[in-house]
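First up is the structure itself, then whatever we jot down about it.
Owing to the predicted nature of the structure, the values given are computational and were not obtained by experimental measurement. Numbers here simply count residues along the sequence, with the first being 1.
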Amino acid sequence: MAHLIKRFATPSKPELVVTYGSLDADVQELLLSAFTVRLRAYAPYSNFKVGATFRGKARGEIFSGCNVENSCFSPSSCAERTALTKAISEGEREFLAGAVVAYQPDVFTTPCGVCRQFIREFTSDNDMPIYVAQAREGRTAETPFANEDPVLCTSIFNLLPNSFHTYQI
Ligand SMILES: [Zn+2]
């Protein structure tokens, strides 16, 4: 019966915390874009602002999104889904990496459960790295990160093991 789980995706990347300064330039660029788009978050109810970005595979283009709240709450969209919906509507369906920037003291803000499943839809069987950084108080678009800032390097399969996925299409 072990064959029933052999198609499950397994994490291919370790989960690490590294410094911003040690990251490759393309990852820094992804995080910088997430920081910038976070400034556009529409979060009048929670005041919890999030920015997310994904790098498309076809042209290396960065798609970015912020959270968009609603007074009814249910129609609200997280930053990750905003970014991916923009990308899909622009014709991109494969992604190389994602980034999430938000701020809570002493903890990284990782994607919510709904967004993890939404991201999983567009990762096929290839694990995708997700980089998570804090938008610390007082930081601006001119100086969003310092080289010593911590960044969580994880992946969608680390964040959502044994996820739902249809193998019929
Ligand atoms: Zn979410």
Side-chain angles (χ1 to χ4, degrees), residues 9 11-13 20 23-104 108-136 139-145 149 151-160 163-166 168-169:
S12 63
K13 300 160 193 344
Y20 176 81
L23 293 166
D24 291 343
D26 62 326
V27 176
Q28 291 184 349
E29 184 187 31
L30 205 59
L31 287 164
L32 287 170
S33 295
F35 183 97
T36 302
V37 73
R38 176 180 176 269
L39 300 174
R40 300 191 196 118
Y42 178 73
Y45 306 105
S46 72
N47 201 33
F48 190 78
K49 300 179 177 182
V50 184
T53 49
F54 293 88
R55 188 181 294 280
K57 189 175 179 183
R59 296 179 302 280
E61 185 179 354
I62 292 176
F63 296 91
S64 62
C66 59
N67 52 326
V68 182
E69 293 183 345
N70 188 281
S71 57
C72 288
F73 296 110
S74 291
S76 300
S77 179
C78 296
E80 297 90 330
R81 282 179 284 137
T82 303
L84 282 176
T85 300
K86 286 170 64 181
I88 302 306
S89 61
E90 297 294 324
E92 182 63 82
R93 290 192 177 177
E94 292 186 83
F95 303 93
L96 300 173
V100 179
V101 173
Y103 182 71
Q104 297 181 81
F108 290 113
T109 302
T110 55
C112 78
V114 172
C115 287
R116 292 177 192 207
Q117 182 64 40
F118 203 91
I119 296 166
R120 172 68 178 95
E121 181 72 16
F122 302 104
T123 50
S124 66
D125 288 337
N126 298 314
D127 204 357
M128 180 170 69
I130 307 277
Y131 301 92
V132 181
Q134 294 173 302
R136 295 187 173 185
R139 297 294 176 78
T140 65
E142 287 73 37
T143 55
F145 301 113
D149 283 353
V151 175
L152 172 65
C153 304
T154 184
S155 75
I156 189 59
F157 294 167
N158 283 322
L159 292 171
L160 193 64
S163 60
F164 172 80
H165 189 68
T166 178
Q168 307 302 315
I169 59 172

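Looking at heavy atoms from C-beta onward, Pro75 lies out of side-chain contact with Val68 at the 4.5 angstrom threshold. A 4.5 Å side-chain heavy-atom check between Thr123 and Phe157 finds at least one atom pair inside the cut-off. Taking 4.5 Å as the limit, some side-chain heavy atom of Phe54 sits within range of a side-chain heavy atom of Ile119. Annotation: side chain of Phe73 is not in contact with side chain of Ser71 (no heavy-atom distance under 4.5 Å). Within the 4.5 Å cutoff, side-chain heavy atoms of Arg40 are placed close to those of Val37. Using a 4.5 Å cut-off on side-chain heavy atoms (C-beta onward), Ser163 and Gln117 make contact. Between Glu69 and Pro44, some side-chain heavy-atom pair lies under the 4.5 Å cut-off. Between Val151 and Val132, every side-chain heavy-atom pair lies at or beyond the 4.5 Å cut-off.
Proximity of a side-chain donor or acceptor of Arg139 to a complementary backbone N or O of Pro144 within less than 3.5 Å is detected. Under the 3.5 Å distance criterion, the side-chain polar atoms of Asn158 are matched with a main-chain donor or acceptor of Lys13. Not a single donor-acceptor pair under 3.5 Å links the side chain of Arg120 to the backbone N or O of Phe164. Checked by atom type and distance alone, the side chain of Glu92 pairs as donor or acceptor with a backbone atom of Glu94 at under 3.5 Å.
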Apply side-chain contact (heavy atoms from CB on, under 4.5 Å) to the pair Glu29 and Arg55, showing each step before the final yes or no. CA-CA 10 Å; Glu29 184 187 31; Arg55 188 181 294 280; 2.9 Å; yes
Would Tyr103 and Thr109 satisfy side-chain contact (heavy atoms from CB on, under 4.5 Å), going step by step from the backbone distance to the final call? CA-CA 7 Å; Tyr103 182 71; Thr109 302; over 6 Å; no
Check the pair Asp149, Gln134 against side-chain contact (heavy atoms from CB on, under 4.5 Å), reporting the backbone distance first and the verdict last. CA-CA 8 Å; Asp149 283 353; Gln134 294 173 302; over 6 Å; no
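A donor-acceptor contact closer than 3.5 angstrom is absent between the side chains of Thr53 and Ser33. For the 3.5 Å distance criterion, the side chains of Ser76 and Asn70 fail to qualify, holding no donor opposite an acceptor.
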Review item, side-chain donor-acceptor pairs of residues 59-67, under 3.5 Å, at least two apart:
from	atom 1	to	atom 2	distance (Å)
Arg59	NH2	Glu61	OE1	2.9
Asn67	OD1	Val50	N	3.0
Asn67	ND2	Phe48	O	2.7

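No option in Thr154, Leu23, Val100, Val101 other than Leu23 meets the side chain to side chain contact (heavy atoms under 4.5 Å, CB included) test with Tyr131.
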